[in-house]
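Report on one structure; see the data block that follows.
As the structure lists them, so they are numbered: ligands from 1, and atoms in each ligand from 1.
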Amino acid sequence: MSFGMKLIRLHHANAVLFLVLSVTGFILFSSSFRSTLPTFRVWIKDIHVWIGILFCVPLLLYIPKIKKHLNTLSKKKEHRVNLYIVLSVVTVLIITGLQLTFHRQFPPIVSSVSLFFHDAATWFGVPYATYHSITRSKWFKRLTASKTVSQPQEEPMMISEENPIYRRRTFLKILSGSIIAVVFLPSFLKWIKPFLPEDTGSGEQALTDVNKLKPLPNPSPKSAPPVGGGRRGEFRYYTVTEIPEINNDNFSLAIDGLVDRKIKWNWNQFVNVHRDVQVSDFHCVTGWSVYDVTWEGIPLKKLLQEAGVKENAKYVKFYSADGVYTDTLTIDQAMMDDIMVAVLIDGKLISQNNGGPVRLIVPKMYAYKSVKWLNRIELIEKEHVGYWEKRGYDKNAWVKSI
Ligand SMILES: Nc1nc2c(c(=O)[nH]1)N[C@H]1C(S)=C(S)[C@@H](COP(=O)(O)O)O[C@H]1N2
Ligand SMILES: [Mo]
């Protein structure tokens, strides 16, 4: 096989793999697939990682040939620039992808940075690759050449600007570029928004909130203004069900099971329970984090002490008002000081999207432990496997500290 043929085959193999990576990547990025296909999501992640590793094989075969390839392109500036762009994007994707795959070996800040660059390279790379594959495809060339002259084999550059083929080609290139931009723009804007300086996040949250609870809890002076200075970073709102709407009529929080005194609060009682304030970080296992969140709520430890944990209780199980999501901690874990049944975030009632009015937070563990719309805490003897753990997440949820 000639050198050119080999390169073309490598290129095609990579194009197919890149397509699979893009599709699986967008499914992972999109929050809507969380509720429709939760189990599927864990597989998609595995497929994405394995295809990503497979994607490196043709590239490794290519590395020794880069020099030769560049030499053959010495007269084609456009192609050389394309090659540099593609190689840079792919390098960023592979390095950050590997880091994210082995994120447990790193502190979360490293994953945050990787995730940013992985996303950024995707938002640039996928539209670029789409544009590239359209404008370099055989049918595009045929489409732009057919009726005028017989198949121009060479570059459009060689045709003078007055030539109708050149104009038609330029027009179709601009058209393809614009269509691609329009298709990708909404998701791109959604991704970039939290990184823009004017975005405060919380304002919009309050508007869309449909939880109607009265009275509103009175924030402690440490919460408003937040002692942590206000959170840095954005939550990505996750749910595996419809988001439950919680109001005075359907709110309750119970602590029961293997306890000495079962307790059940309604909203009026619950807002009057004494709250503490703490500042902590929030880490999702998929790589994003929110730092310095000022939470106000009741330390879980205090609730457990108030209810009185029976001798035979081994685990604490948390239920969500969504009726589906649960998770557990061992009693020892549950006694950590910074676990909180949180009600306020940075001085405001936790929004509905964010798991409000009451959610659990377990700062030292990945946030799949931090059950949203918390409505029941049950002390049990036998181990319970949580929602995501049942679907492939690691039972060990400890975040590696710096
Ligand atoms: N009820 C419920 N709680 C949940 C989840 C969920 O889907 N449903 N997702 C968990 C995961 S994986 C994360 S990262 C955090 C996300 O919190 P956020 O949606 O407020 O950003 O909530 C956790 N608690
Ligand atoms: Mo998560």
Side-chain angles (χ1 to χ4, degrees), residues 28-42 44-45 100 103-104 108 111-112 115 190-191 193-194 201-202 204-206 208-209 211 231-246 250-251 253 280-291 293-295 297 300 317-329 339-346 348-378 384-399:
L28 291 173
F29 176 76
S30 148
S31 51
S32 43
F33 286 98
R34 288 211 149 224
S35 36
T36 43
L37 304 161
T39 315
F40 182 65
R41 211 192 115 84
V42 176
I44 293 282
K45 196 199 144 218
L100 289 167
H103 70 98
R104 280 177 167 275
S111 309
S112 302
L115 189 66
K190 189 182 149 218
W191 171 74
K193 203 172 152 270
S202 38
E204 176 209 13
Q205 222 169 292
T208 55
D209 207 350
N211 284 343
R231 61 182 184 268
R232 288 180 295 113
E234 284 297 305
F235 288 88
R236 297 189 180 181
Y237 299 126
Y238 289 161
T239 181
V240 294
T241 59
E242 293 278 305
I243 295 180
E245 287 175 20
I246 295 167
N250 67 5
F251 175 86
L253 179 70
S280 56
D281 299 337
F282 188 95
H283 306 292
C284 172
V285 74
T286 60
W288 57 268
S289 298
V290 184
Y291 297 92
V293 189
T294 302
W295 299 102
L300 178 67
K317 177 175 176 185
F318 304 95
Y319 294 77
S320 168
D322 66 14
V324 173
Y325 201 90
T326 58
D327 216 313
T328 36
L329 295 171
I339 302 182
M340 187 178 257
V341 173
V343 191
L344 295 151
I345 179 168
D346 289 344
K348 292 197 187 98
L349 188 66
I350 298 174
S351 76
Q352 188 196 19
N353 291 336
N354 209 187
V358 176
R359 78 172 296 164
L360 187 72
I361 52 146
V362 186
K364 291 197 178 67
M365 293 191 182
Y366 284 112
Y368 55 91
K369 291 284 174 190
S370 298
V371 175
K372 296 164 70 165
W373 311 293
L374 182 70
N375 69 350
R376 183 176 174 205
I377 301 166
E378 186 190 19
H384 164 79
V385 183
Y387 182 90
W388 277 120
E389 289 91 328
K390 231 176 238 161
R391 289 160 179 81
Y393 278 25
D394 203 329
K395 275 192 199 171
N396 168 12
W398 293 103
V399 176

Using a 4.0 Å cutoff against the non-hydrogen atoms of [X], which atoms of ligand 1 qualify?
X: Cys284; value: 14 (S)
X: Asn354; value: 18 (P), 20 (O)
X: Val240; value: 7 (O)
X: Trp288; value: 14 (S), 21 (O)
X: Ser370; value: 22 (O), 23 (C), 24 (N)
X: Asp322; value: 1 (N), 2 (C), 8 (N)

Task: Separation between NZ of Lys317 and CD of Glu378, rounded to the nearest 0.5 Å - done: 6.0 Å
TODO: Taking all non-hydrogen atoms of both residues into account, name the closest pair between Gly392 and Val42 and its distance.
DONE: CA-CG1, 4.1 Å
Open item on the list: On a heavy-atom basis, which atom in His384 and which in Thr326 lie closest, and how many Å separate them?
Closed with: NE2-OG1, 2.7 Å
Task: Which residues share a side-chain contact (heavy atoms from CB on, under 4.5 Å) with Ser280, sequence neighbours left out - done: Gln278, Trp295, Ile361, Pro363
Task: Non-neighbouring partners of Thr294 that pass side-chain contact (heavy atoms from CB on, under 4.5 Å), sequence neighbours left out - done: Ser223, Pro226, Val227, Val277, Val279, Asp346
- [ ] Only heavy atoms count here, so choose which of Arg236, His283, Arg359 is nearest to atom 15 (C) of ligand 1.
- [x] Arg359
Task: Best match, Phe318, Tyr368, Tyr325: closest heavy atom to atom 2 (C) of ligand 1 - done: Tyr325
Applying a heavy-atom cut-off of 4.0 Å, say which part of [X] lies close to ligand 1: side chain, backbone, both or neither.
X: Phe282; answer: side chain
X: Ser320; answer: side chain
X: Tyr366; answer: neither

TODO: May I ask you to check whether Trp388 and Tyr366 place their ring centres under 6.0 Å from each other?
DONE: no
Task: Arg391 to Tyr393, cation-pi by 6.0 Å centre distance and 45° axis angle - done: no
- [ ] Say whether Tyr387 and Ser320, considering side chains only, have a donor N or O and an acceptor N or O under 3.5 Å apart.
- [x] no
